[in-house]
Amino acid sequence: MLILRGNNGFICHHRNSNTLDASRSVYDIFTLQYSNGAYHIKGADGRYWYVSSAGLVCSDGESPEDFTLELLERGRLAIRGKNGKYLHGDQGGMLKGDGLSLCSSALWEY
């Protein structure tokens with residue numbers, strides 16, 4: 001079970017879209033799976049997270065995409081996509097997978 005909260009709120013499915021919000025007052029519960037040295041994140045509907053070519057984190061993947069978790073101090077973690085970039089909440093509240101460095105918007109309480 002995985003629930004994530006960042007600087008601006010919880011990660012939750014975006015209504016009427018396959019993307020994820022990073023600024024919600026309510027949360028979704030995701031499943032964290034580990035396989036062959038990588039983590040996969042799955043929603044309640046059984047579909048997986050992935051980073052789209054536009055850098056958006058989507059939640060309707062048919063097959064798992066590899067993510068790396070960096071466990072940090074005080075119950076926080078950072079998540080890197082297979083492209084090596086950090087997942088972060090942008091100013092518009094979208095969860096993106098194009099962060100070049102570890103900053104406060106890429107830290108998640110779990």
Side-chain angles (χ1 to χ4, degrees):
M1 183 166 71
L2 181 67
I3 298 169
L4 297 170
R5 184 177 74 166
N7 285 344
N8 299 314
F10 291 99
I11 294 180
C12 189
H13 287 98
H14 184 80
R15 295 180 188 184
N16 303 320
S17 174
N18 66 337
T19 59
L20 293 165
D21 286 332
S23 61
R24 300 288 299 273
S25 61
V26 296
Y27 57 85
D28 283 343
I29 298 172
F30 302 97
T31 301
L32 188 63
Q33 300 174 331
Y34 184 77
S35 177
N36 297 324
Y39 290 92
H40 308 129
I41 304 171
K42 185 166 65 167
D45 62 359
R47 296 184 179 261
Y48 292 94
W49 286 20
Y50 65 95
V51 179
S52 73
S53 59
L56 297 173
V57 180
C58 301
S59 61
D60 64 344
E62 294 288 330
S63 58
E65 182 167 301
D66 291 347
F67 290 95
T68 303
L69 301 186
E70 298 177 9
L71 299 176
L72 306 167
E73 60 186 43
R74 297 188 182 106
R76 293 185 184 265
L77 60 81
I79 304 171
R80 283 188 194 237
K82 70 178 184 178
N83 60 5
K85 297 181 179 177
Y86 288 100
L87 274 57
H88 68 98
D90 75 358
Q91 292 190 8
M94 299 295 298
L95 184 61
K96 293 186 139 185
D98 60 0
L100 299 176
S101 63
L102 186 57
C103 60
S104 63
S105 66
L107 297 176
W108 307 100
E109 291 180 24
Y110 60 96

Check your understanding: Can you list the other members of the hydrophobic cluster that holds F10, where links are side-chain heavy atoms under 4.5 angstrom apart?
Key ->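 Members alongside F10: M1, I3, Y27, I29.
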Review point. Any side-chain heavy atom of D98 within less than 4.5 Å of one from H88?
Key: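 They are in side-chain contact.
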Rounded distance [0.5 Å steps], [atom1] in [X] versus [atom2] in [Y]:
{"X": "S105", "Y": "Y86", "atom1": "OG", "atom2": "OH", "answer": "11.5 Å"}
{"X": "E65", "Y": "N83", "atom1": "CD", "atom2": "CG", "answer": "7.5 Å"}
{"X": "R80", "Y": "F67", "atom1": "CZ", "atom2": "CZ", "answer": "13.0 Å"}
{"X": "L20", "Y": "L4", "atom1": "CG", "atom2": "CG", "answer": "10.0 Å"}

Over all atoms of both residues, closest heavy-atom pair of [X] and [Y]:
{"X": "M94", "Y": "L56", "value": "CE-CD2, 4.3 Å"}
{"X": "G97", "Y": "K85", "value": "O-CB, 3.6 Å"}
{"X": "A78", "Y": "L102", "value": "CB-CD1, 3.5 Å"}
{"X": "W49", "Y": "L87", "value": "CZ3-CD2, 4.0 Å"}
{"X": "W108", "Y": "A22", "value": "CH2-CB, 3.8 Å"}

Exercise for review: Provide the full list of salt bridge (charged side-chain N to carboxylate O under 4.0 Å, His left out) pairs with a residue in residues 18-34, sequence neighbours left out, each pair given once.
Suggested key: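 Only D21-R24 qualify under salt bridge (charged side-chain N to carboxylate O under 4.0 Å, His left out).
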Review point. Taking only residues at least two apart or on different chains, which pairs with a member in residues 40-56 satisfy salt bridge (charged side-chain N to carboxylate O under 4.0 Å, His left out)?
Key: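 For residues 40-56: R47-E62.
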Exercise for review: Give me the ring orientation class for F30 and H13: parallel if the planes are under 30° apart, tilted from 30 to 60°, perpendicular past 60°.
Suggested key: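 Rings of F30 and H13: tilted, as their planes differ by 30° to 60°.
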**Study point:** Any donor-acceptor pair under 3.5 Å from N8 side chain to G89 backbone
**Key:**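 Absent.
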Exercise for review: Not counting sequence neighbours, which residues clear salt bridge (charged side-chain N to carboxylate O under 4.0 Å, His left out) with D60? List them please.
Suggested key: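 Listed in chain order: nothing, the list is empty.
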Check your understanding: Residues in salt bridge (charged side-chain N to carboxylate O under 4.0 Å, His left out) with E109, at least two apart?
Key ->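 Result, salt bridge (charged side-chain N to carboxylate O under 4.0 Å, His left out) vs E109: R5, R76.
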Practice item. Following the transitive rule for hydrophobic clusters with a side-chain heavy-atom cut-off under 4.5 Å over Ile, Leu, Val, Met, Phe, Trp and Tyr, establish whether Y34 and L77 coincide in one cluster. Key: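 Linked within one cluster.
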**Study point:** Hphob cluster co-occupancy, I79 + Y48, side-chain heavy atoms under 4.5 angstrom
**Key:**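 No, I79 and Y48 fall in different hydrophobic clusters.
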Point to revise | With sequence neighbours excluded, residues passing side chain to side chain contact (heavy atoms under 4.5 Å, CB included) with L32 | key: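 Here the qualifying residues are L2, Y39, I41, L69.
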